[in-house]
Amino acid sequence: MKSSSFSADVLDVVRLIPYGRVTTYGAIAAYLGSKRSSRTVGWILNSTKGISDVPAHRVVNRNGLLTGKKHFKSLTTMSKLLINEGVNVENDLVVDFKQLFWDPNLALSLTS
DNA sequence: ACACTGACCACTG
DNA sequence: CCAGTGGCCAGTG
């Protein structure tokens, strides 16, 4: 292990995700720019797994599907965390995902 | 330097 | 609807 720094941007955005909200890999990648792609966000979170500072459970794929649940301690950890925050999860899918979706592009930018 | 892999996304058949 | 393929970027052997 060594790498670090590179993920700073991604981790920063993930930490900013409000309680009870979720976002997607693509949204984060889009916010950071074309430098990183959705996949890049994924491998970064892989490095963050185990770090409480980063609510990776709030990051899902573009379908609102908990694709990363398998990387958590348990397959139910991710869904439990979300449900605990008030996010309804059914069949590993975030209910009303579009309503709970938190877009960093809208939240972090936009002066008005 | 090369090949393979991966918490993705989109297109094509 | 499901399977396959390409593109994307970085890590590891």
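Note that this is a predicted model, so its numbers are computed, not measured.
Using a 4.0 Å heavy-atom cutoff across all strands shown, A:Asn46 reaches at least one base atom of the nucleic acid. Looking at heavy-atom distances under 4.0 Å, A:Lys49 makes contact with a base. Across all strands shown, A:Arg62 has heavy atoms under 4.0 Å from sugar-phosphate atoms exclusively, and none from any base.
The distance between atom CG of A:Leu45 and atom P of C:dG11, rounded to the nearest whole Å, is 14 Å. Distance CZ (A:Arg36) to C1' (C:dA10): 11 Å, rounded to an integer number of Å. Atom P of nucleotide B:dC9 and atom CG of A:Asn61 are separated by 5 Å, given to the nearest angstrom. Between the CZ atom of A:Arg39 and the P atom of B:dC8 there is a distance of 8 Å, rounded to whole Å. Atom CG of A:Leu66 is separated from atom P of B:dA7 by 14 Å (rounded to the nearest Å). In this structure, CG of A:Asp9 is placed 12 Å from P of C:dA10, rounded to the nearest angstrom. Here the P atom of nucleotide C:dA10 and the CD1 atom of A:Ile28 are 16 Å apart, to the nearest Å. Counting to the nearest Å, the P atom of C:dC2 and the CG atom of A:Asn63 are 12 Å from each other.
In this entry B:dT5 has C:dA10 as its Watson-Crick or G-U wobble partner, both defining distances falling under 3.5 Å.
Partners of A:Leu11 according to the side chain to side chain contact (heavy atoms under 4.5 Å, CB included) rule, which considers only residues two or more places apart in sequence or in another chain, are A:Ser7, A:Arg15, A:Ile44, A:Thr48, A:Val54.
Between A:Arg21 and A:Glu85 no salt bridge is recorded (no basic side-chain N to carboxylate O distance below 4.0 Å).
For A:Ser38 (side chain) and A:Tyr25 (main-chain N/O), no donor-acceptor pair under 3.5 Å exists by modelled atom type.
OP1 and OP2 of C:dC8 both lie 4.0 Å or more from every side-chain N or O belonging to A:Ser38.
Nearest approach of A:Leu100 to A:Val95, heavy atoms of both residues: CD1-O, 3.4 Å.
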